[in-house]
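In the text below, chain A, chain B and the rest are named by the order of the sequence lines, each starting its count at 1. Hydrogens, waters and symmetry mates play no part in the numbers below; they use all other heavy atoms, side chains included.
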Protein chains: 2
Amino acid sequence: MTSPAPVPFPSDRSATAADVAQDLAAAILSHRLSPGLKLGEDDLAEIYGVSRTIVRSALQTLAHQRLVEIRRNRGAVIASPSPREAREVFEARRLIEPHVTEAAARRATSQDLALLQQHMADEHAAVAGGDRGRALALSGLFHVEIARIADQITIAEMVRSLVDRSSLIIALYWRRQSSLCETGAHHALLDAIAAGDGPLAREVMDRHLADLHDGLDLTPPEGRDVSLREALRPEG
Amino acid sequence: MTSPAPVPFPSDRSATAADVAQDLAAAILSHRLSPGLKLGEDDLAEIYGVSRTIVRSALQTLAHQRLVEIRRNRGAVIASPSPREAREVFEARRLIEPHVTEAAARRATSQDLALLQQHMADEHAAVAGGDRGRALALSGLFHVEIARIADQITIAEMVRSLVDRSSLIIALYWRRQSSLCETGAHHALLDAIAAGDGPLAREVMDRHLADLHDGLDLTPPEGRDVSLREALRPEG
DNA sequence: GGCGCATCGATTGTATACAATAAAGCCGTC
DNA sequence: GACGGCTTTATTGTATACAATCGATGCGCC
């Protein structure tokens, strides 16, 4: 299966800023683009067949989501969360997600469960197919779906944002070889939610997040190719 | 004291998108601009003495913060959070803020306390001076400062976002005549933090938020001048 | 030969011109 | 007189041209 055309949109109309932002986000979240990569406006404009106006708008959107970093007069790069930010993101997740998971366990309908199950099947398929990027992205979406099931749009958006940022963090700091693409934790989560056991679901989610956090190596410098310029900026 | 020039910036250089966004945000948060108000690009461009390019960028920023709503080909208006969104925002605040308040109580330095105290003095002054808009904005900032003291940038940003949205919610749904500008709760908060009593601080914050939520009238239609168009859109 | 400075090229920031869309006003018809 | 469709106008969406800024290259000087 050779990869198809570069731009996977409707394509009868030219791409909007939202289209470009979404496509870039998908690329970042599946680790096809790595932290630090320069995102030149002219390049993107040519790739997507739009003007720089659209590209700039898309980049601004991604900057607000903290997936890219824009430095004035210096252009945009894929964001590189600091170890501190990494820690904070996971602390925030541990504050929010166990709570919504408990709510989700109380509210989940059979339809919701089917959705989650389908999601896990997709994850499995991606892993089996060797598409680790897709597996990773789906794995993040699983968490967002749980927040959606809790029927809390506002919190679900926060979770999405944190999950997205976690993807960058994992790209930078993940140290275990295996186990990221294991779906065991998600299985346990699904079981607890299906059983309607709120407290258990909460506990499983909390441990899952702790385990994820634990898989990171947040000691900053040493060997890792952190640029000098980055290392010397304030706030680490 | 007559109000000065319309644009309160550096003014030696022309305003940037960030300047415009910040000024508009300040106007919204102090209730000088009300939900539903149309923000025409040409108008703003003339007011701030910049091109529509800058204005559009600023509006996009505010849209990401959910302070304005942009509908394609229809322009931007100050956002009107639905009753549901209002409920969700306060639920999220009750999940997050008590937690950071407890952390803040544990960590607060004498410098932090001085900052909070100054903040409260400013609030008092604004109330005394009859500037309810400024008092309201400061009152929101008080919550953000607490999150900052907890030394959690990521969560502090979430709190800021929620507090900002709360300002719109209050503009739409506040029902009590008095008491919004009372600073009693903030006083109690400051005391608990100064005492380093984390659990108490958490409890005080939780009650404060519950009280705020309780001051809202979230029954949607009836008398209130919600436009028909708005009332008939999905998701209420 | 190394350091500092000026010029050049590339890239981003801003403004403006043009195209597209949606709303409002107008007219004719029923 | 009210409804439906058309035209007009105001407003937003997009592209492009121009200005400003940054980094790099190369030169001269120490």
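For A:L95, the side chain to side chain contact (heavy atoms under 4.5 Å, CB included) partners are B:I96, B:H99, B:I155, not counting sequence neighbours. Taking A:H119 as the reference, nothing meets the ring pair (Phe, Tyr, Trp, His ring centres under 6.0 Å) condition, with sequence neighbours excluded. Residues that satisfy the ring pair (Phe, Tyr, Trp, His ring centres under 6.0 Å) test with B:H213, not counting sequence neighbours, are B:F90. With sequence neighbours excluded, the residues forming a side-chain hydrogen bond (donor to acceptor under 3.5 Å, both in side chains) with B:E91 are B:R87, listed by chain and number.
Residue pairs meeting the salt bridge (charged side-chain N to carboxylate O under 4.0 Å, His left out) criterion with at least one partner in residues 43-52 of chain B, sequence neighbours excluded, are B:E41-B:R52.
To the nearest angstrom, C1' of C:dA10 lies 11 Å from CG of A:D43.
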Give me the distances for all protein-to-nucleotides 10-14 of chain D N/O pairs that come in under 3.5 Å?
residue: D:dT12; atom: OP2; partner: B:E41; partner atom: N; Å: 3.3
residue: D:dG13; atom: OP1; partner: B:N73; partner atom: N; Å: 3.2
residue: D:dG13; atom: OP2; partner: B:R56; partner atom: NH1; Å: 2.3
residue: D:dG13; atom: OP2; partner: B:R56; partner atom: NH2; Å: 3.0
residue: D:dG13; atom: O3'; partner: B:R72; partner atom: NH2; Å: 3.4
residue: D:dG13; atom: N7; partner: B:R52; partner atom: NH2; Å: 2.9
residue: D:dG13; atom: O6; partner: B:R52; partner atom: NH1; Å: 3.2
residue: D:dT14; atom: OP1; partner: B:R72; partner atom: NH2; Å: 3.1

